Student: 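Below you will find the structure I want to go over with you.
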Amino acid sequence: MIDTAALRAEQIEKAKAVIKQDNQGFDEPKWIAGADVGFEQDGKITRAAIAVLSYPSLELVEYRVARVPTSLPYIPGLLSFREYPALMAAWSQLTTVPQLVLVDGQGIAHPRRLGVASHFGLLIDVPTIGVAKSRLCGKYDESGLQDGAAVPLVDKDEQIGWVWNSKARCKPLYVSVGHRVSQESALLWVERCMRGYRLPEPTRWADAIASRRPAFVRWLAAHPEKNVDEG
DNA sequence: GCGACAG
DNA sequence: ATCTTGTCGC
């Protein structure tokens, strides 16, 4: 059985270590990464992809894919325990260490303030930002989403992130502090990583790699020397 | 008690 | 998350 109560207690404990202020020296990052997790073989295998992009050019320079046996089922609120092992495996293989990582999922916009972006950030001790495609908790003013402005995501009278319509006619993004970034910087860096799509480039590439999308397959054909795919 | 619920 | 074609709207 899974001791969910113990995992929740661990989240409350770890959340105390999350730093919600800007990290010294990442104001001009040279590399920004995107991280995403997917599954194979009916969920038995967890697969993490990390894409490292140059900044500000936002070009893919390196990627890593790691596969590990799935250790936990999906339980809302406990996602990070299921995903961090594979993320760590991919992270440890990186040659280029980024100064900032955008993670697919919530940062502190979580019931106990420890989404996968925060948990992973604590483990690698590198600034991270949570960029989720849907909401876990919190409420916001939907009427304020119109003109492309970000609106506060609030839970228990506390702002835990932003809801931002990154692209017209698309569902909004839920941006929150992961670790070692301020709430203002979290939104700012996501905005700086946009190139016309709903998702910021780092996360978009990580997703393309994890799902082997056409854009990534084309990039691989153009950069055969960077092929590190293990299958 | 009831509904909500990242990926 | 993942399985998948066409289809609606800009």
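The shown structure was predicted, so the numbers you read here are calculated from the model rather than taken from an experiment. Numbered from 1 within each chain, the chains take letters A, B, ... in sequence-line order.
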Student: Using 4.0 Å as the upper bound for N to carboxylate O, is an ion pair formed by D155(A) and R135(A)?
Tutor: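 Salt bridge: no.
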Student: On DNA chain C, compare the nucleotides closest to D207(A) and R169(A); which residue's is nearer the 5' end?
Tutor: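 Counting from the 5' end, the first nearest nucleotide belongs to D207(A).
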Student: Measuring centre to centre across the rings, with the benzene-like ring taken for any Trp, is H179(A) within less than 6.0 Å of F120(A)?
Tutor: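 Ring centroids of H179(A) and F120(A) are no less than 6.0 Å from each other.
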Student: What integer distance in Å separates H119(A):NE2 from dA6(B):P?
Tutor: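 Atom-to-atom, H119(A) to dA6(B), this comes out as 19 Å.
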Student: With respect to the phosphate group of dC5(B), does any side-chain polar atom (N or O) of S134(A) fall under 4.0 Å of OP1 or OP2?
Tutor: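 It does not, given that no N or O in the side chain of S134(A) lies less than 4.0 Å from OP1 or OP2 of dC5(B).
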Student: Report, one line per pair, each donor and acceptor closer than 3.5 Å where one atom sits in a side chain of residues 52-59 of chain A; sequence neighbours left out.
Tutor:
| from | atom 1 | to | atom 2 | distance (Å) |
| --- | --- | --- | --- | --- |
| S54(A) | OG | S57(A) | OG | 2.4 |
| S54(A) | OG | E59(A) | N | 3.1 |
| S54(A) | OG | E59(A) | O | 3.4 |

Student: Find the runs of at least 3 consecutive base pairs, i with j, i+1 with j-1 and so on, that include DNA chain B, using Watson-Crick or G-U wobble geometry with both distances under 3.5 Å.
Tutor: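 Stem list for DNA chain B: none, no run of 3+ pairs.
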Student: Tell me: CZ of R112(A) to P of dC5(B), nearest whole Å?
Tutor: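 My rounded result for the distance is 15 Å.
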Student: Could you tell me whether G115(A) contacts a base, only the sugar-phosphate backbone, or nothing, with contacts defined as non-hydrogen atoms closer than 4.0 Å?
Tutor: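 Touches a base.
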Student: To the nearest Å, give me how far apart OH (Y174(A)) and C1' (dA4(B)) are.
Tutor: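 It works out to 13 Å between those atoms.
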Student: Examine distances only and state if a side-chain atom of E62(A) and a backbone atom of K226(A) form a donor-acceptor pair shorter than 3.5 Å.
Tutor: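 Such a contact is absent between E62(A) side chain and K226(A) backbone.
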Student: By a strict heavy-atom criterion of less than 4.0 Å, which residues belonging to residues 69-77 of chain A are in contact with DNA chain B?
Tutor: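 Heavy-atom cutoff 4.0 Å gives Y74(A), P76(A), G77(A).
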Student: To the nearest angstrom, how far is D36(A) atom CG from dA6(B) atom C1'?
Tutor: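 Answer to the nearest Å: 12 Å.
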Student: Quick check: does any side chain N or O of W162(A) sit under 3.5 Å from a backbone N or O of Q183(A), one acting as donor and the other as acceptor?
Tutor: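 Side chain of W162(A) to backbone of Q183(A): a pair is present.
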Student: Would you kindly give the CD-to-P distance between E83(A) and dA6(B), to the nearest whole Å?
Tutor: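 Nearest whole value for this atom pair: 12 Å.
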Student: Using the heavy-atom set of chain A and a strict 4.0 Å cut-off, write down the first and last nucleotide of DNA chain C that makes it in, 5' to 3'.
Tutor: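 Range of nucleotides within reach of chain A: dA1(C) to dC10(C).
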Student: Would you say V163(A) and Y174(A) make side-chain contact, with heavy atoms under 4.5 Å?
Tutor: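 Side-chain contact under 4.5 Å: yes.
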Student: Any heavy-atom pair between the side chains of S182(A) and D22(A) that's under 4.5 Å?
Tutor: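 With C-beta onward as the side chain, the pair touches.
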Student: What is the ring orientation for F81(A) with Y84(A), classed by angle as parallel under 30°, tilted 30 to 60°, or perpendicular over 60°?
Tutor: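 It falls in the perpendicular class, over 60°.
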Student: Do side-chain atoms of R47(A) reach the backbone of A210(A) as a donor and acceptor pair under 3.5 angstrom?
Tutor: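 Present.
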Student: Over how many whole Å does the gap from D155(A) atom CG to dC5(B) atom C1' extend?
Tutor: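 To the nearest whole Å, that distance equals 13 Å.
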Student: If we check side chain to side chain contact (heavy atoms under 4.5 Å, CB included) with V177(A), which of these qualifies: T128(A), L187(A), I108(A)?
Tutor: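 Answer to the side chain to side chain contact (heavy atoms under 4.5 Å, CB included) test with V177(A) among T128(A), L187(A), I108(A): I108(A).
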Student: By the 4.0 Å heavy-atom rule, please label R82(A) as base, sugar-phosphate, or nothing.
Tutor: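 Counting heavy atoms under 4.0 Å across all strands, the contact made by R82(A) includes a base.
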Student: Return each pair, listed once, that meets salt bridge (Lys or Arg N to Asp or Glu O under 4.0 Å) where at least one residue sits in residues 114-133 of chain A; pairs must be two or more places apart or across chains.
Tutor: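 Found D104(A)-K133(A), D125(A)-R180(A).
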Student: In whole Å, what is the span from the CD atom of Q106(A) to the C1' atom of dA4(B)?
Tutor: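 Going from Q106(A) (CD) to dA4(B) (C1'), I get 13 Å.
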Student: Taking atom C1' of dG3(B) as reference, at what distance in whole Å does atom NZ of K139(A) sit?
Tutor: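 Between C1' of dG3(B) and NZ of K139(A): 17 Å.
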Student: Base, sugar-phosphate, or nothing: which does D42(A) touch, judged by heavy atoms less than 4.0 Å apart?
Tutor: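 Counting heavy atoms under 4.0 Å across all strands, no contact is made by D42(A).
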Student: Does E201(A) pair with R195(A) as a salt bridge, N-O distance under 4.0 Å?
Tutor: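 Looking at R195(A) together with E201(A), the answer is no, because their closest N to O distance does not fall below 4.0 Å.
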Student: Given the rule that I, L, V, M, F, W and Y join up when any side-chain heavy atoms are under 4.5 Å apart, are V61(A) and Y63(A) in one cluster?
Tutor: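 Looking at the clustering, Y63(A) is in a separate group from V61(A).
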Student: Can you tell me how far the CZ atom of R204(A) sits from the CZ atom of R198(A), to the nearest 0.5 Å?
Tutor: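 Rounded to the nearest 0.5 Å, the CZ-CZ separation comes out at 12.5 Å.
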Student: Runs of at least three consecutive Watson-Crick or G-U pairs, both distances under 3.5 Å, are what I'm after; which ones involve DNA chain C?
Tutor: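 Stem segments: none to report.
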Student: Can you check whether K133(A) has a side-chain N or O nearer than 4.0 Å to OP1 or OP2 of dA6(B)?
Tutor: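 No, no such contact exists.
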